[in-house]
Every structure is written in C-alpha cells, then in structure tokens.
Amino acid sequence: FSVSRSQTPHYRVSTELDASRARDKKASRSTWAESRGYGATAVADAESGAAAGLLTNEEGLEYVRLQNDSGDTSDVYLFGGVVTSYVKDGQEYIAVRPDAKMDGSKPISGGLSHCWPQFGPGEIQQHGFARNVNWSVSSMSDTSVELVMAPSDYTKEMWDKEFLCTFSVSLEDDKLTTKMLVENKGEESFDFQAALHSYFTISALDNLSIAGSFKDKEFLNKMVGEGEMQTEEREEITIGEEYDRVYMGENTVDCMPLYRPNETFSNILGTRRGK
Ligand SMILES: O=P(O)(O)OC[C@H]1O[C@@H](O)[C@H](O)[C@@H](O)[C@@H]1O
C-alpha cells in the first residue's frame with residue numbers, strides 16, 4: 001500500500017460521540033492506518049473537520065468517504081466493497097434498504113453491491129461472495145478510492161480460482177464512475193459474471209421507466225410460482241406492481257422495486273413475499 005502526501009486520508013468523528021469514544025476511535029484508526037503503511041500522520045485530528053478519508057460508522061464498519069471541491073460526496077464500504085451513497089448538489093442518488101444491516105452481520109443490502117463471480121442462481125451462492133468479504137484499500141485520495149479483493153480460504157472453498165478484483169470509485173465533477181477489473185492470476189481460464197446490484201433513489205415509481213432493448217426479450221419473472229420464463233412485449237419498462245425480474249440477453253437488467261429514502265418500506269414494496 002502506498003499513499004502520497006496529497007492522498008492523505010482524514011477522518012471525522014461525529015459530534016455526538018463523547019470525547020473518550022472519539023479518542024478510542026482515533027487510536028483504532030491510527031492502528032489501522034499504520035498497519036497498512038499510511039503512517040500515524042495519515043490520520044487527521046478529529047478537530048480538523050476534514051470530510052474525506054477513512055471513517056467508521058456507529059456500528060464499527062469502515063468506509064471511505066470521497067468529497068470533491070463542490071461538496072459532493074460518496075461513501076464506499078470496505079465490507080462488500082459497496083458504494084452506499086452518492087450525493088450531488090445535495091441530492092442522494094443511491095438507496096440502501098431501510099432494514100439493511102450496517103454492522104457486518106450480513107451483506108449490505110442496497111447501494112451498488114457486487115454480484116461476483118456470479119449473479120445466480122448458479123453453482124455457488126446467489127450473488128456470489130464479493131459482497132460478503134472485506135475488501136482492502138490499495139490507494140485513495142479525497143476523490144477516489146481503489147479497493148482490492150483476493151482469494152481467501154473462504155472464497156476458495158466456494159470457488160477455487162486465482163483472481164484479483166480491483167474496484168475503483170471516482171467522484172468526478174459531474175458524475176460518479178465505478179470500474180471493476182478482474183485479473184486471472186492462475187494458469188487456467190475461468191468464467192465469471194459481474195454485476196452491480198444497484199439501488200437508486202427515485203421520486204416515485206410513477207416517474208420511473210427503464211429504457212433499453214427489452215422488446216421480445218425473455219425474462220425470468222420471479223413473482224410467478226417458483227419463477228417463470230416470459231417474453232417482454234414493451235420497449236420500455238414501467239413498474240405498476242411489485243417486480244422481481246431478470247432479463248436475458250445483451251441488455252440484461254435485474255429490475256428491483258425501488259423506494260425513496262424516508263418512505264416506509266411497505267409503501268413501495270407492498271406485499272413483497274418473504275421479506
Ligand atoms: O440481497 P439483496 O440486496 O437484499 O437483494 C435481494 C434481491 O436480489 C435480486 O437479485 C433478486 O432477484 C431478488 O429476488 C432478491 O430479493
């Protein structure tokens with residue numbers, strides 16, 4: 001790991017924390033930074049008010065907050081390597097389910113979470129394992145972070161391949177860019193699927209339509225029985241009832257019900273089965 005002076009990570013302790021908790025957190029952050037070669041000075045004093053850098057949520061999970069000169073921000077959790085927030089001009093674009101566990105006890109449900117090395121259903125668990133493990137920070141600045149995930153005993157038990165995944169998130173002036181690089185570090189070729197299971201905020205379902213080459217495409221409708229293959233007749237998808245579908249073909253889209261922050265779960269998800 002390396003970090004240049006201009007890439008110095010900072011952190012901010014929330015004002016609700018009392019002084020002793022703040023001291024404990026700073027000590028733990030220093031240990032984390034030093035163990036990764038950032039050096040003790042990499043951890044900004046809590047008083048500095050620095051917004052970007054490595055932070056810890058109230059439940060102990062680490063995340064990197066990016067911030068640009070306009071004040072736009074994005075949060076990227078190391079657990080699962082998941083982007084949980086992108087705020088531009090004060091507007092949040094990414095949603096996290098209200099019932100998501102943010103303490104590492106289960107994968108974060110929401111954000112731009114990884115489905116890797118498979119979407120599923122398939123040979124290994126649904127959505128793969130990338131969202132179940134801690135990614136490592138390989139480099140970071142105020143506006144970008146690069147995370148890596150390498151095989152472990154846990155991943156090898158499910159999928160015994162030599163790989164290195166690099167996920168980069170970059171907060172630009174007008175957009176947030178993510179890139180996933182998968183390297184084969186072994187001798188044998190392997191197949192994989194990669195997707196970001198993306199949850200976006202919307203103003204209302206009535207305002208939403210999903211454009212793409214959907215007409216005549218086959219899709220798995222998970223709301224019918226155990227799942228039924230059907231054919232789409234529309235050019236554009238609108239959602240007037242609960243949807244849980246996987247479209248096949250070039251324009252593969254997994255349509256999840258979406259909700260607004262602050263609206264109750266049941267308002268939008270209705271009678272979502274099993275949830
Ligand atoms: O694991 P998460 O983020 O809660 O997502 C679960 C959803 O993932 C989708 O891919 C499935 O089609 C849904 O059936 C399922 O509910």
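Keep in mind that this is a model prediction, so the values were computed, not measured. When a ligand or atom number is given, it counts from 1 through the structure's own listing order.
- At a heavy-atom distance under 4.0 Å, only side-chain atoms of R131, from C-beta outward, approach ligand 1.
- Atoms of ligand 1 lying under 4.0 Å from at least one heavy atom of R97, given by number and element, are 4 (O).
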Considering only distance and modelled atom types, tabulate donor-acceptor pairs under 3.5 Å from the side chains of residues 110-117, sequence neighbours left out.
residue : atom : partner : partner atom : Å
H114    : NE2  : G81     : O            : 3.0

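- Considering R245, H197, K222, K106 only, the shortest heavy-atom separation from atom 8 (O) of ligand 1 involves H197.
- Neither side chain, N221 nor Y243, offers a donor N or O lying under 3.5 Å from an acceptor on the other.
- Residue pairs that meet the salt bridge (Lys or Arg N to Asp or Glu O under 4.0 Å) test with at least one member in residues 105-134, sequence neighbours left out, do not exist here.
- For the residue pair E172/T177, the side-chain donor-acceptor check at 3.5 Å is satisfied.
- Atoms of ligand 1 found under 4.0 Å from any heavy atom of Y199, numbered from 1 in the order shown, are 2 (P), 3 (O), 4 (O), 5 (O).
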